[in-house]
Amino acid sequence: MLKLSKREKQVYDLWYEGLLSKQIAIDLGLNESTIAEYKRRAFKKLGLNKNGTRNKCRKLEMQEKEDDQTREANVWHWF
């Protein structure tokens with residue numbers, strides 16, 4: 001998985017919260033087509049389809065949290 005740029009992350013986070021592209025564009029002071037491009041890049045990097053369903057995003061987020069918890073448990077196992 002590729003790392004998101006700062007702007008891609010901003011757009012993704014706002015979209016994930018439920019904002020529409022038009023609302024994101026207003027919040028960030030950008031054009032809607034620019035927002036669409038940032039979303040397209042972010043979804044591609046995250047391996048999501050062009051619609052980028054929130055359920056898939058939540059699944060990725062949960063996997064990331066589980067991975068963090070597993071790493072933390074493995075570290076404490078040695079103490």
Side-chain angles (χ1 to χ4, degrees):
M1 194 176 330
L2 300 171
K3 184 174 174 144
L4 298 180
S5 72
K6 182 179 177 181
R7 187 62 88 176
E8 289 166 348
K9 176 115 174 63
Q10 283 179 316
V11 169
Y12 169 82
D13 288 344
L14 291 170
W15 170 83
Y16 183 79
E17 290 175 15
L19 272 66
L20 300 174
S21 293
K22 186 173 187 170
Q23 294 166 312
I24 296 169
I26 292 168
D27 284 358
L28 299 179
L30 298 171
N31 188 301
E32 268 187 84
S33 61
T34 304
I35 297 302
E37 179 61 21
Y38 282 125
K39 280 175 43 180
R40 185 192 66 76
R41 288 188 214 161
F43 294 160
K44 184 175 180 180
K45 288 180 180 180
L46 294 171
L48 303 172
N49 63 24
K50 68 180 180 179
N51 295 326
T53 61
R54 284 177 179 79
N55 287 337
K56 287 185 181 180
C57 295
R58 288 187 180 109
K59 184 177 178 181
L60 286 171
E61 188 177 71
M62 292 303 294
Q63 286 174 339
E64 191 173 278
K65 284 181 184 178
E66 287 174 11
D67 290 346
D68 289 344
Q69 290 171 348
T70 301
R71 277 192 293 274
E72 187 175 310
N74 288 338
V75 168
W76 284 108
H77 174 75
W78 295 101
F79 292 102

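Because the structure is predicted, anything quoted here is derived from the model rather than measured. Index from 1, following the sequence.
In terms of the side-chain contact (heavy atoms from CB on, under 4.5 Å) criterion, residue partners of Asp13 (sequence neighbours excluded) are, by chain and number, Lys9. With sequence neighbours excluded, the residues forming a side chain to side chain donor-acceptor pair (under 3.5 Å) with Glu37 are Arg40, Arg41, listed by chain and number. Taking the side chain to side chain donor-acceptor pair (under 3.5 Å) definition, one finds that Ser5 meets it with Glu8, sequence neighbours left out.
If you take CG on Leu20 and CG on Leu14, they are separated by 11.5 Å, rounding to the nearest 0.5 Å. In this structure, the separation between CD on Glu17 and CG on Asp27 is 9.5 Å, given to the nearest 0.5 Å. Rounding to the nearest 0.5 Å places CG of Leu19 at 10.5 Å from CD1 of Ile35. Taking CG of Leu30 as the reference point, atom OG of Ser21 lies at 11.5 Å (rounded to 0.5 Å).
The shortest side-chain heavy-atom distance between Gln10 and Ile24 does not fall under the 4.5 Å cut-off. For the pair Tyr12/Tyr38, no side-chain contact is recorded, criterion being any heavy-atom separation below 4.5 Å from C-beta on. Within the 4.5 Å cutoff, the side chain of Val11 has no heavy atoms near those of the Thr34 side chain.
In this structure, Leu4 is a member of the same hydrophobic cluster as Tyr16, with clusters built from ILVMFWY side-chain heavy atoms closer than 4.5 Å.
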